[in-house]
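Shown next, in structure tokens, is the structure this report addresses.
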Amino acid sequence: AACTQQVLLPAECGFREDELRIFELLQKGKSRVEIAFATNRSVRTVDRTIRTIKDRIIYLEQHYPN
């Protein structure tokens, strides 16, 4: 699977479209508030989505070691 590569590729690891958008904004260095504004969500919803992204990355790293 593509997720077992040395660098996780978000689009190939089962992220939803909204999670990908937030991931991309995080990579650009945007703050939680900026992401909330850009995605028309509350900061709390953005926080939950970021936690989901982190949890998925941790899961993938544990179950698909390089």
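- The two residues Ala38 and Leu25 come nearest to each other via the heavy atoms CB-CD1, 4.1 Å.
- Around the CG atom of Asp55, the shell of radius 6.0 Å holds more than 12 heavy atoms that belong to other residues, nucleotides or ligands.
- Note that CZ of Arg32 is 10.0 Å distant from CZ of Arg44, once rounded to the nearest 0.5 Å.
- Rounding to the nearest 0.5 angstrom, the gap separating the OG1 atom in Thr52 from the CG atom in Asp47 is 10.5 Å.
- What you find for Ile53 and Glu19 is that their closest heavy atoms are CD1-O, 3.5 Å.
- The shortest distance between side-chain heavy atoms of Ile22 and Asp18 does not fall below 4.5 Å.
- A single hydrophobic cluster is seen to contain both Leu26 and Leu20, as judged by linkage of ILVMFWY side chains at heavy-atom distances under 4.5 Å, directly or through other members.
- Within the model, atoms NZ of Lys28 and CD of Glu34 stand 11.5 Å from one another, a figure rounded to the nearest 0.5 Å.
- Annotation: side-chain hydrogen bond (donor to acceptor under 3.5 Å, both in side chains) contacts of Thr45 (sequence neighbours excluded): Ser42, Arg48.
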